[in-house]
Each structure stands twice: as C-alpha cells, then as structure tokens.
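When a ligand or atom number is given, it counts from 1 through the structure's own listing order. Positions are given from 1, in the same order as the sequence printed here.
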Amino acid sequence: MNHIHGKTIILGVTGGIAAYKAAALTSKLTQKGAKVHVIMTASAKEFITELTLQSLSKHRVYSDTFQERDPAEISHIDLADAADLVLIAPATANSIAKMALGIGDDMLSTTMLAVTAPVMVAPAMNVHMYQHPAVQANMKTLAGRGIHFIEPGEGLLACGYVGKGRMEEPESIVDVVNSFFADREMAASGPLQGKRVIVTAGGTVERIDPVRYISNDSSGKMGFALARAARAMGADVTLIAARTDAAPPQDPQIELLRVESAAEMFDAVRSRWEDCHVLISAAAVADYRPKQSAENKIKKSGDTLTLELVKTTDILGTLGKIKDRQFVIGFAAETGNAEMYAKDKLVRKNLDLIVANDVREEGAGFGTDTNIVSIYDAQGLVLDLPLSSKDEVARRILLLAAERVAGAAV
Ligand code: CTP
C-alpha cells in the first residue's frame with residue numbers, strides 16, 4: 001500500500017557522487033504522490049543540477065539561505081514546519097558531522113536545526129570514511145537523538161574500493177520511507193488499546209549487607225522506552241523497575257512499581273500476571289544472589305571473604321512455562337554468539353519473541369541511548385534493526401507484539 005501519498009518530504013542532497021541517485025529518488029517519491037522539497041548543498045550542485053531536481057520534483061529547489069524570493073516567507077523555518085519527514089540522501093561524512101554538532105552554515109544545515117519532523121539519513125562515502133571513529137561516533141549521537149539511518153550497502157565504490165559505503169538504491173529507500181509511514185500510522189491507531197502490558201526494567205540489586213550489593217550495568221533505558229511505546233499504542237502499562245540510572249517515564253498513565261531484588265521483581269510481576277496480555281522482560285535480573293544477606297554491615301576480618309551465592313528464580317522462564325494467553329518477550333544481552341544463545345533462551349523459556357543484542361557492539365551496550373538488535377521467534381529471524389534509538393527499537397518490538405497478540409486492533 002502507498003503510505004507516501006500526500007506527505008511533504010524535504011529531500012536534503014549533499015555533495016557526494018551518489019548525489020546523482022537523488023534524481024531517481026525525487027522522481028519515485030513524486031510519482032508516489034509526495035510533495036518533495038529539495039534542498040541542495042553547494043557541493044551537491046557540483047554533481048547534479050538544481051534544474052534536474054526542480055523538473056523532477058516540480059517544486060523550486062533551495063540552496064541559499066539568504067535568497068528569499070517571497071518576502072512573506074522565511075524558507076528554512078517554513079520548510080522545516082511543513083515537513084512530515086526529512087530525508088538526507090546522500091549524506092556525506094561532513095553533513096553528518098554538522099548535524100551531530102548542530103552547525104547551521106548553509107540552507108540545509110540551518111533547516112535541520114529547525115526541523116521537528118522525523119529525520120532519515122542515507123550515508124554514502126568511502127568505506128574507510130564510513131568506518132572512521134569520528135563518523136561512527138557522530139552517527140551514534142544522531143541515532144541516540146532518534147534519527148533513522150538507512151545503512152549503506154556493500155559493493156564497488158566510486159573511489160575504486162569495494163566495501164560498505166554505497167548509498168542504498170532509490171527503490172529501497174522509497175520502500176523504507178513507505179514502511180516508516182505505515183508503521184507510524186499503525187502505531188498512532190492505538191493497536192494495543194485494551195491490552196495490559198507489563199514491562200520489567202533495570203538491574204536487580206541483591207543485598208550482601210545493608211550497604212553492599214551485587215548488581216549490573218543495566219540503565220533501565222530500554223525498559224523505559226518500551227513502557228512509553230506501549231502506552232503510546234494505547235496499552236495499560238505496568239512498569240516494574242529495579243535499580244536504574246535513567247529516570248522512569250513521568251506518565252501518570254504508566255503504573256510504576258519499584259522493586260529491588262529478583263525475588264521482589266518476581267512477586268511484582270506475579271501480582272499483575274493473571275490479567276496481563278504481554279510481558280516484556282527487559283530487566284537484567286541477577287541469576288544469583290547471596291545465600292545470606294547480613295543484617296549488619298560486614299566487618300573486615302581475614303584476607304579473603306567467601307560469599308555463597310544461590311540461584312534466583314528465573315522469572316521469565318517460570319512464567320513462560322505456565323503462560324496461556326500471555327504473549328511473552330525476553331531479552332538476550334550477549335557478548336558473542338548472540339543468535340545461538342538467544343534462540344536457546346527462546347526455546348528454554350518458552351518465549352514468543354526474543355530480542356538479542358551483542359552488548360560489545362558500539363551503540364548496543366548498557367547505558368547508551370541506542371541499540372542494535374535482532375528479533376527471533378520459533379521460526380527464526382523476524383527483524384534485524386540497525387543502529388537505532390531505544391525508542392525506535394521499542395516501537396518496533398511493540399508493533400510486532402500488537403500484530404501477534406490475538407484480538408489486537410491491527
Ligand atoms: N530473566 C528473568 N529472571 C532471571 C534471569 C533472567 O526473568 N532470574 C530474563 C531477563 O529479563 C531476560 C532473559 O531472562 O529477558 C534472559 O536473561 P539471561 O540472564 O541472559 O538468561 P539466562 O537463562 O540466565 O542465560 P545465561 O546463561 O546467559 O545467564
């Protein structure tokens with residue numbers, strides 16, 4: 001289905017050889033019924049003419065911040081306000097850096113500072129430039145702010161190298177844009193209306209004594225993003241949070257239960273389990289706790305101290321095995337072999353979906369605002385999400401749940 005029709009799209013074209021592909025992109029988006037406003041950088045004009053993109057979009061092309069043709073208009077603000085989506089294709093390393101830093105020194109970068117609409121970026125550059133730590137760090141910053149990246153493909157680059165850096169083909173970009181609008185429309189239609197969703201978040205705290213404990217690096221951000229996304233889709237949400245770095249969502253519509261240990265988290269989840277439709281276990285639950293928690297602070301004595309640890313209850317595993325109508329989603333944060341371990345957990349804990357990530361990957365670890373995940377069900381891979389904000393990852397997980405939960409309004 002065409003979800004692009006009637007949308008206003010700003011197409012930012014920056015100066016790389018892939019700028020020639022902007023012509024096909026403009027044409028395809030326009031044919032789908034989008035109103036395409038092209039903004040070119042000065043370097044882009046070295047590769048493709050304004051006239052080409054003006055003829056294909058049937059709209060004036062912008063490139064100079066100070067060339068205001070209509071006295072009643074301030075172009076970079078009016079354009080920014082009108083956009084349903086901003087697409088930067090191709091995006092050079094320089095334009096990505098300027099966005100990350102908030103530099104506004106030409107029409108496109110100034111408009112980007114005024115934009116509140118969603119932004120998609122299709123990078124195109126030499127493979128070594130793409131892998132440069134500065135470029136990767138800038139992309140991570142932008143992804144953390146909610147910018148969507150359309151990953152470049154691998155292949156022969158204009159510079160003669162073979163590798164990752166080739167801008168995705170216009171047809172595929174149009175498909176990504178179309179699914180993006182489709183997802184937005186579906187999420188806004190409240191597909192989880194009337195459904196009760198439990199989300200666990202954060203790292204559990206297992207006490208050794210009143211001032212010491214065993215915990216982990218979980219920040220709670222992924223769980224909080226899931227709670228917000230579920231609420232935005234109309235669900236009744238209970239968020240069960242252990243120790244977190246980030247602040248939980250301040251939404252009176254989200255029931256917040258604070259817990260400390262795995263045992264307390266288990267009790268809290270059980271208290272809401274019977275009438276729950278979806279359980280998402282994003283918490284990093286300790287697998288072991290001290291056998292005894294000392295009543296008073298442990299005083300130092302010998303050269304060594306041995307703590308005896310005992311297993312905690314596997315919350316997800318226990319409930320996964322007794323579930324009937326509940327749709328259960330687990331997480332597998334791994335350091336290598338993520339797919340294998342995730343699939344094993346899916347079967348062992350009887351889950352409907354598992355979200356796997358390799359916490360060693362740049363942008364996928366604890367505490368970041370971004371994640372890189374693969375989602376599996378019993379049949380195999382369901383969805384691969386490249387570097388994305390945790391809000392975006394959360395939305396995609398909830399959309400999958402909405403599609404699969406019986407009776408959800410989709
Ligand atoms: N989990 C849980 N209760 C526990 C431990 C884990 O509910 N006591 C949940 C987590 O919230 C996560 C999933 O189970 O959704 C996977 O957690 P993990 O600790 O990686 O699973 P384990 O089966 O303990 O595997 P591992 O051998 O890697 O520790």
Side-chain angles (χ1 to χ4, degrees), residues 197-207 213-227 229-230 237-244 248 257-273 276 278-291 309-323 326-361 364-367 371 373-378 382 390 393-394 396-398 400-401:
V197 174
I198 301 175
V199 178
T200 68
T204 63
V205 165
E206 311 299 333
R207 290 269 159 208
Y213 57 81
I214 298 172
S215 191
N216 56 66
D217 284 335
S218 173
S219 65
K221 286 180 179 172
M222 194 61 241
F224 294 166
L226 285 158
V237 183
T238 299
L239 171 61
I240 300 172
R243 194 201 62 74
T244 59
L257 305 180
R258 277 287 185 183
V259 295
E260 193 172 83
S261 61
E264 285 178 23
M265 182 171 276
F266 188 36
D267 288 344
V269 177
R270 271 193 306 188
S271 73
R272 299 289 184 277
W273 171 251
C276 142
V278 181
L279 167 65
I280 311 178
S281 184
V285 186
D287 290 328
Y288 295 91
R289 63 170 172 81
K291 188 172 181 188
L309 303 180
V310 292
K311 255 201 180 138
T312 58
T313 305
D314 184 340
I315 304 171
L316 195 57
T318 308
L319 296 174
K321 284 190 198 98
I322 59 160
K323 75 183 161 85
Q326 291 92 345
F327 189 87
V328 177
I329 306 175
F331 273 72
E334 307 290 346
T335 53
N337 288 325
E339 177 173 353
M340 188 188 82
Y341 287 128
K343 285 179 170 167
D344 173 64
K345 280 170 198 177
L346 180 93
V347 174
R348 206 157 28 87
K349 302 191 187 206
N350 193 30
L351 309 177
D352 296 288
L353 287 177
I354 190 140
V355 183
N357 64 341
D358 187 330
V359 292
R360 283 189 308 203
E361 271 189 72
F366 287 121
N371 214 342
V373 306
S374 299
I375 305 174
Y376 302 91
D377 68 6
V382 178
K390 285 186 172 167
V393 173
R396 300 297 289 270
I397 293 170
L398 265 313
L400 283 174

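Proximity of a side-chain donor or acceptor of Arg243 to a complementary backbone N or O of Ser218 within less than 3.5 Å is detected. Gln326 contributes a side-chain N or O that, together with a main-chain N or O of Trp273, makes up a donor-acceptor pair within less than 3.5 Å.
Using a 4.5 Å heavy-atom cutoff, the side chains of Arg207 and Glu260 are in contact. Counting heavy atoms from C-beta outward, Ile280 and Leu398 have side chains that approach closer than 4.5 Å.
The minimum heavy-atom distance linking Tyr288 with Leu309 is given by the pair CB-CB, 3.9 Å.
Within 4.0 Å of ligand 1, protein heavy atoms come from Ser281, Ala283, Val285, Ala286, Asp287, Thr312, Thr313, Asp314, Ile315, Leu316, Gly330, Phe331, Lys345, Arg348, Lys349.
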Kindly list each side-chain donor-acceptor pair under 3.5 angstrom involving residues 352-360, sequence neighbours excluded, with atom names and distances?
{"from": "Asp352", "atom 1": "OD1", "to": "Lys323", "atom 2": "NZ", "distance (Å)": "3.3"}
{"from": "Asp352", "atom 1": "OD2", "to": "Lys323", "atom 2": "NZ", "distance (Å)": "3.2"}
{"from": "Asp352", "atom 1": "OD2", "to": "Val328", "atom 2": "N", "distance (Å)": "2.7"}
{"from": "Asn357", "atom 1": "ND2", "to": "Ala364", "atom 2": "O", "distance (Å)": "3.2"}
{"from": "Asn357", "atom 1": "ND2", "to": "Asn371", "atom 2": "OD1", "distance (Å)": "3.0"}
{"from": "Asp358", "atom 1": "OD1", "to": "Arg360", "atom 2": "N", "distance (Å)": "2.9"}
{"from": "Asp358", "atom 1": "OD2", "to": "Gly336", "atom 2": "N", "distance (Å)": "3.4"}
{"from": "Arg360", "atom 1": "NH2", "to": "Thr335", "atom 2": "O", "distance (Å)": "3.1"}

